[in-house]
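Mind having a look at this structure? Questions to follow.
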Amino acid sequence: MTAFTVALVLVVAAAGLLRWRRPAWYWMTFGVTLASLRVLVRYASVMDACGLTVPPPRWRLALARIANRPVPDSRPPRILRFRPTRTGLVLRLGLRPGQDAFDVAAASDRLRHSFSMYGVTSREVRSGVVEVRMTGYDVLKRVQMPAKVDTRPMRVPVALREDGSVHYRDYRAVPHALTLGATESGKSVYQRNLVAGLAPMDVALVGIDCKQGVELFPLARRFSALADNPDTAAELLDALVSRMEGVYQLIRAEQRITSAVPDAEIAADIWDLPDGIRPVPVVVLVDEVAELALFAGKEEEKRRDRIITTLVRLAQLGRAAGIYLEICGQRFGSELGKGITMLRAQLTGRTAHRVNDETSANMAFGDISPEAVLAAIQIPAETRGLAIAGDSTGGWHRIRAPHTSLRQAVNTCNRHADRTPALPELAAFRPELVSSSEAPVPLSKTAPVTA
Ligand SMILES: Nc1ncnc2c1ncn2[C@@H]1O[C@H](COP(=O)(O)OP(=O)(O)OP(=O)(O)O)[C@@H](O)[C@H]1O
Ligand SMILES: [Mg+2]
C-alpha cells in the first residue's frame, strides 16, 4: 500500500514538473489522455452550458408525451471525428438544424475554459460541419515543428500557428510577400527559416541585404547571387529583369506564340513547361527594403527610382517566369516615395511582427483585415518572433517561427551547397567563396564579384 502511495506521489510530482517545465512532453505523456477523457465525459453538459444545444424535435416530444416518458434532453452537435494530436485535440462536429458555424466560433472562449484547454479555434469545413481545434498548452512559447510536414515543391513549412498547425509559405499560391516589424522583432529569423527551408529544394536563391550583408552573406554557399549595397542591388535587379525576359522568350518559343503578344498576356508559366527545359525558379530575398528606397542626392534618387521600378516590374511579371519576391522591412509605406504603395499592392502575402504603431500595422493589413491590425499591435515586446500572418482571403493567424540560429541555417545551407544553380545572367553577382569545400563556414563576409 505504501509503495503504491509513493509511486502515485512520484507520478503526480513528475507530471507536475513536466507540465511546468516541458508542457509539450507533459501533453504527450499525461495531458492528452486526461484532456480526451475530460472532453468526452463532459461534452454534453459543457455544450449545454455554452448554449450549443438545440431542443429535441417535435416528433420526439410528441412521442414522449404519448408514451408518458420523460421529456428527451436537448441535443449537442454530433461528434463526427475525435483526434488527439501532438499539441491538442481536433473535433469535427456535425451541427444540428438551426445552428451555424458562427455559434461555435462565438462560444470558443467559453469552450476553452470549460474544457480547461489553452486555446480553442473553429472553422467551417463544409456546410454543417465545423472543425474545433484545441491546444493543450501554449504552442508558440517554445516552437517545435512537427517531424512530419507536408512538403511540396516551392512550399516551405516556416512557422507554427497558434492552433498547433503548420504555417506554410507557398510560393506558387502566393508568389510575393511582405514581412514587416519593428527592429528586433524577428524578421530576419523568419527569413532565415525560409532560406533553410528552401535550401533543400530545386530553387535559386538571390539575396539583397543592405545591412552590409550581415544576415545573408553567412549563407552565401546556397545563394546564386548576393548584393550588399544599393548600387549592386540595382544592377542585380536589372539582371533579374533580363532573366525574366529570357524566360518569357522561352515560354513563347514553347507555345509558338508570335512576339507580338505582350508578356503580361501569356497565361502559362514555367510550371507548364516540360521538366527538361523548365528554368529553375528564383526566390529574391530582400532584407531592410527601406535602404533601397532612401536617397540623399540627385544621383541616389535616380538609383532609387530605378530599383523601385525594377521591383515593381518583377512583382508584376515575375510569377509566370518563376521569380518570387520576399521583402522584409521595418516600415513600407508611402513616406518612402512614389512607387512604394504600388509595389506593396503586388505583395499578396503579408506578415507583421511586433510593430510600434498602428500606421506600421496598417501598412501590412490596412487593406486586408482591421482585426489583424489590432492583433499585430498587441504582440508583446518580449515574445520576439511572434507574428500575424494574413492570407488573401482576409483571414489571419498568429504564428511563430522556430528559433533557428544563424549557425543552424549556415549548416543547412552548406549541406545543400551543391544544389546552388549557376544562373548565367546573375553570374557576376555570385558570391565568391573564400573557403574550400571542406571548410564548414564562410562566416567572413564575401564580396560579390562586380561586373
Ligand atoms: N521565432 C523566434 N523565436 C525566438 N526568438 C526569436 C525569434 N525570432 C527572433 N528572436 C529573437 O529576436 C532577436 C532579433 O531577431 P531578428 O534579428 O530577426 O530581428 P529583426 O526584426 O530582423 O531586427 P532588425 O530590424 O534590427 O534587423 C533574435 O536574435 C532572437 O534572439
Ligand atoms: Mg533584421
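In listed order, ligands and their atoms are each counted from 1. Only a predicted model underlies this, so the values are computations on that prediction, with no experimental measurement involved.
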Quick check on salt bridge (Lys or Arg N to Asp or Glu O under 4.0 Å): which of Arg83, Arg123, Arg81, Arg126 does Glu131 satisfy it with?
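The option that passes is Arg123.
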
Can a donor-acceptor pair be found between the side chains of Arg133 and Thr121 at a distance below 3.5 Å?
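Thr121 and Arg133 do not have a side-chain donor-acceptor pair below 3.5 Å.
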
Proximal atoms of ligand 1 relative to Gly186 (non-hydrogen, under 4.0 Å):
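Under 4.0 Å from Gly186, ligand 1 has these atoms: 8 (N), 9 (C), 15 (O), 16 (P), 18 (O), 19 (O), 20 (P), 21 (O).
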
May I ask you to list the atoms of ligand 1 that are less than 4.0 angstrom from any heavy atom of Lys211?
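Ligand 1 atoms under the 4.0 Å threshold to Lys211: 24 (P), 26 (O), 27 (O).
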
Is Ala401 near ligand 1, meaning one of its heavy atoms is under 4.0 Å from it?
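A heavy atom of Ala401 does come that close to ligand 1.
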
Asp209 side-chain N/O to Glu215 backbone N/O, donor-acceptor pair under 3.5 Å
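Indeed, once roles are kept as given, a pair shorter than 3.5 Å links the two residues.
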
How close does the nearest protein non-hydrogen atom get to atom 21 (O) of ligand 1, and which residue and atom is it?
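Of every protein heavy atom, Lys187 NZ, 2.8 Å lies nearest to atom 21 (O) of ligand 1.
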
Do we see a donor-acceptor contact under 3.5 Å between the side chains of His167 and Arg161?
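Yes, side-chain donor-acceptor contact under 3.5 Å.
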
Can you list the atoms of ligand 1 that are under 4.0 Å from a heavy atom of Glu288?
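What qualifies from ligand 1 is 24 (P), 25 (O), 27 (O).
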
Atom 26 (O) of ligand 1: which protein heavy atom is closest, and how many Å away?
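Checking every protein heavy atom, the shortest distance to atom 26 (O) of ligand 1 gives Thr183 OG1, 2.7 Å.
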
Could you work out, with ring-ring contact (aromatic ring centres under 6.0 Å, His included) as the rule, every residue matching Phe365, not counting sequence neighbours?
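For Phe365, no residue satisfies ring-ring contact (aromatic ring centres under 6.0 Å, His included) once neighbours in sequence are set aside.
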
With backbone taken as N, CA, C and O and side chain as the heavy atoms from C-beta onward, which portion of Arg400 lies under 4.0 Å from ligand 1: side chain, backbone, both, or neither?
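For Arg400, the contact with ligand 1 is made by the side chain alone.
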
Check whether Arg278 reaches the backbone of Ile270 with its side chain - one donor and one acceptor, N or O, closer than 3.5 Å.
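Looks like yes, one N/O pair under 3.5 Å.
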
Under a 4.0 Å heavy-atom limit, does His353 contact ligand 1 with its side chain, its backbone, both, or neither?
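Within the 4.0 Å criterion, His353 makes no contact with ligand 1.
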
Donor-acceptor pair, Thr383 side chain versus Leu386 backbone, under 3.5 Å?
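No; zero donor-acceptor contacts below 3.5 Å.
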
Considering all heavy atoms of both residues, which atom of Ala220 and which atom of Pro431 are nearest to each other, and what is their separation?
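Result for this residue pair: O-CG, 3.6 Å.
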
Which protein non-hydrogen atom lies closest to atom 17 (O) of ligand 1, naming both residue and atom, and how far is it?
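Checking every protein heavy atom, the shortest distance to atom 17 (O) of ligand 1 gives Ser188 CB, 4.0 Å.
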
Closest approach of any protein heavy atom to atom 23 (O) of ligand 1, naming residue and atom
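Going atom by atom, the protein heavy atom closest to atom 23 (O) of ligand 1 ends up being Glu184 N, 2.8 Å.
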
When you compare the side chains of Asp357 and Ser360, does any donor N or O come within less than 3.5 Å of an acceptor on the partner?
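Judged by distance alone, the side chains do pair up.
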
Less than 4.0 Å from atom 31 (O) of ligand 1, is there any heavy atom belonging to the protein?
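Answer yes: something from the protein, a heavy atom, is under 4.0 Å.
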
Check the side chains of Asp163 and Thr135 for a donor-acceptor pair under 3.5 angstrom, ignoring hydrogens and angles.
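No, no side-chain donor-acceptor contact under 3.5 Å.
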
Identity and separation of the nearest protein heavy atom to atom 10 (N) of ligand 1:
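It is Arg384 CB, 3.8 Å.
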
For the Mg ion (ligand 2), which protein N/O/S atoms are closer than 2.8 Å?
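Short answer, with waters excluded from the count: Ser188 OG.
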
Check ligand 1 against Val189 and write out every atom of the ligand that is under 4.0 Å from a heavy-atom position of the residue.
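Reading through ligand 1 atom by atom, the close ones are 8 (N), 9 (C), 15 (O), 18 (O).
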
Which atoms of ligand 1 sit under 4.0 Å from any heavy atom of Ser185?
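Near Ser185, the atoms of ligand 1 are 19 (O), 20 (P), 21 (O).
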
Over all atoms of both residues, closest heavy-atom pair of Ala177 and Arg169
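Heavy atoms only, the tightest pair is CB-NH2, 3.4 Å.
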
Parallel, tilted or perpendicular, judged at 30° and 60°: which one describes the rings of His353 and Tyr190?
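Rings of His353 and Tyr190: perpendicular, over 60°.
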
Determine whether any heavy atom of Ala182 lies closer than 4.0 Å to an atom of ligand 1.
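The answer is yes, since Ala182 has a heavy atom less than 4.0 Å from ligand 1.
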
Carboxylate-amine/guanidinium contact Lys211 Asp287, below 4.0 Å
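No, no charged N to carboxylate O under 4.0 Å.
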
